[in-house]
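Heavy-atom basis, side chains included; hydrogens, waters and symmetry copies ignored. Convention: sequence-line order gives letters A, B, ...; per-chain numbering from 1.
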Amino acid sequence: MVNNNLTMFFEKFLTKESLFKDKKVLQSTYIPDEINHRDEQINTIAQILAPALRKEKPSNLFIYGKTGTGKTLSIRYTAEQMEQVAKQQEVPLSVFYLNCKLKKIADTEYRLIAELARFFGKAVPPTGLPTDEVYNIFFKALDSEERVVLLILDEIDQLVKKAGDEIIYNLTRINAELKRSHVSIIGISNDLMFANNIDPRVKSSLSEEEIVFPPYNALQIQDILHKRSSQAFKDSIITEGVIAKCAAYAAREHGDARRALELLRVAGELAERKGDTTIMITHIDDAEEKIERDRILDIVKTQPKQFQATLYPILMTHQKKKGLVYTGEIYDVYKDLCEKIGLRPLTQRRISDIVAELDMLGIINAKVISKGRFGRTREIALAIPSQVEPKIRKILEEDLGVAA
DNA sequence: CGAGATTCATGTGAAGTATACCTTTAGGCTTAA
DNA sequence: AAGCCTAAAGGTATACTTCACATGAATCTCGTA
């Protein structure tokens with residue numbers, strides 16, 4: 001019977017007409033044929049990078065701008081165009097794009113270089129080799145033939161924060177050792193203050209050129225949304241005011257276009273799932289909520305056990321106390337929890353670091369404060385909307401095996 | 001009453017340890033001539 | 001004799017621990033007005 005129902009469901013699903021014409025247009029990895037409102041920046045990038053096509057080394061480039069201002073898009077677009085030309089003209093040009101935020105891929109020097117080496121076709125083990133050795137492998141692979149390499153490091157601030165700025169210094173210097181190839185580094189950062197916190201030498205070598213991406217204004221976002229939505233959705237699916245609402249949401253977040261597009265996509269999916277034939281403003285509201293919820297749930301779900309075991313006490317204590325929580329209390333609860341579920345408890349020192357990392361992930365807000373006579377601690381607050389809390393709690397309890 | 005000194009609870013840095021994984025090397029076994 | 005496999009040796013990165021010192025404002029102390 002269940003089977004029968006399912007078959008019916010799938011059949012109906014297939015006959016039902018999709019709202020989307022081409023969903024991938026709204027996905028964040030999509031690179032449109034034409035980029036609006038970024039002509040100036042793209043031209044500048046192109047001018048800076050163009051020497052690569054003459055087998056000369058382009059200047060290192062540093063790009064600033066808040067999230068969703070088109071940094072990644074513009075650089076990828078430009079790089080793609082260059083690759084095409086390079087292919088036609090038979091210029092040896094390699095573009096390597098890496099997002100440093102991806103944990104476990106590029107959050108230490110070793111892992112970054114290993115990843116680079118892999119890009120050039122060398123197998124590098126996840127651990128065990130000396131870092132120097134990995135550098136060598138990378139060098140050799142790089143210098144095995146003449147070419148120009150554009151190394152795009154997205155969210156480079158994350159990398160530096162975790163692994164120090166020496167990596168970049170080393171990278172900027174490898175040109176000196178290469179005989180046949182040239183490497184240009186293109187760093188992208190969301191953090192406008194980033195440059196102030198790094199070694200001046202590193203800074204000067206990295207940002208031979210600098211470009212700042214200003215946020216989109218509301219009109220530009222609307223324009224972008226119009227263009228993309230007309231490609232993504234079938235005609236007359238979107239009701240009046242939806243685009244404006246999306247743009248408004250995005251503008252509230254300093255003109256984050258990526259967010260606006262995601263909002264539109266999720267709204268479409270929600271509408272489709274409900275069986276509605278148009279996208280209405282209410283769908284946008286739902287989408288807003290769903291995106292935030294999914295983001296947090298995803299982070300929580302993918303955390304290592306110990307991180308979850310640290311988060312759980314924070315959640316519980318926070319609920320019970322209705323307010324700010326301090327490290328000491330968390331650690332006590334954490335130790336009890338470990339005993340209950342048979343997990344080897346970590347030291348307070350480590351927990352302190354884990355709390356700091358959870359803060360970086362944005363699921364909690366932790367601030368170091370001094371309570372005078374009563375010592376010094378972190379003041380921890382949850383950065384989770386209260387509707388989501390029960391779900392998080394459930395996930396944690398399941399993953400940790402807490403008997404409720 | 002106010003300037004220092006004190007104090008607490010934990011932050012934070014450095015160095016050490018355990019674990020997991022890598023490469024190299026040496027020995028033992030098999031295979032082919 | 002050459003080739004191949006396995007186990008041990010020697011080395012590294014990473015996550016974590018241990019040790020020791022740093023922090024910074026509420027509170028205390030004590031000299032002074």
For A:Ile351 and C:dA15, what is the distance between atoms CD1 and P respectively, to the nearest whole Å? 15 Å

Output the rounded distance in Å from NZ (A:Lys162) to C1' (C:dA13). 15 Å

For A:Arg378 and C:dG24, what is the distance between atoms CZ and P respectively, to the nearest whole Å? 14 Å

Rounding to an integer number of Å, can you tell me how far A:Asp353 CG sits from C:dT18 C1'? 14 Å

Once you round it to whole Å, what is the distance between P of C:dC16 and OH of A:Tyr334? 9 Å

Given atom CZ of A:Arg349 and atom P of C:dT17, what is their separation to the nearest angstrom? 11 Å

What is the distance, to the nearest angstrom, from the NZ atom on A:Lys161 to the C1' atom on B:dT12? 17 Å

Is a donor from one side chain sitting under 3.5 angstrom from an acceptor on the other, for A:Arg76 and A:Thr29? no

Below 4.0 angstrom from OP1 or OP2 of C:dA13, is there any side-chain N or O of A:Thr131? yes

Between A:Arg376 and B:dT10, does any side-chain N or O lie under 4.0 Å from OP1 or OP2? no

Check the orientation of A:Phe138 and A:Phe120. Use parallel for under 30°, tilted for 30 to 60°, and perpendicular for over 60°. tilted

Which of these, A:Lys245, A:Arg259, A:Arg293, A:Arg295, sits in a salt bridge (Lys or Arg N to Asp or Glu O under 4.0 Å) with A:Glu288? A:Arg259

Other residues, nucleotides and ligands only: do more than 12 of their heavy atoms fall within 6.0 Å of NZ on A:Lys21? yes

Can you find a donor-acceptor N/O pair under 3.5 angstrom joining the side chain of A:Arg373 to the base of B:dT7? no

Please state how far atom CG in A:Leu112 lies from atom C1' in C:dA13, giving the value in whole angstrom units. 15 Å

Does A:Ser370 put a side-chain nitrogen or oxygen below 4.0 Å from OP1 or OP2 of C:dA26? no

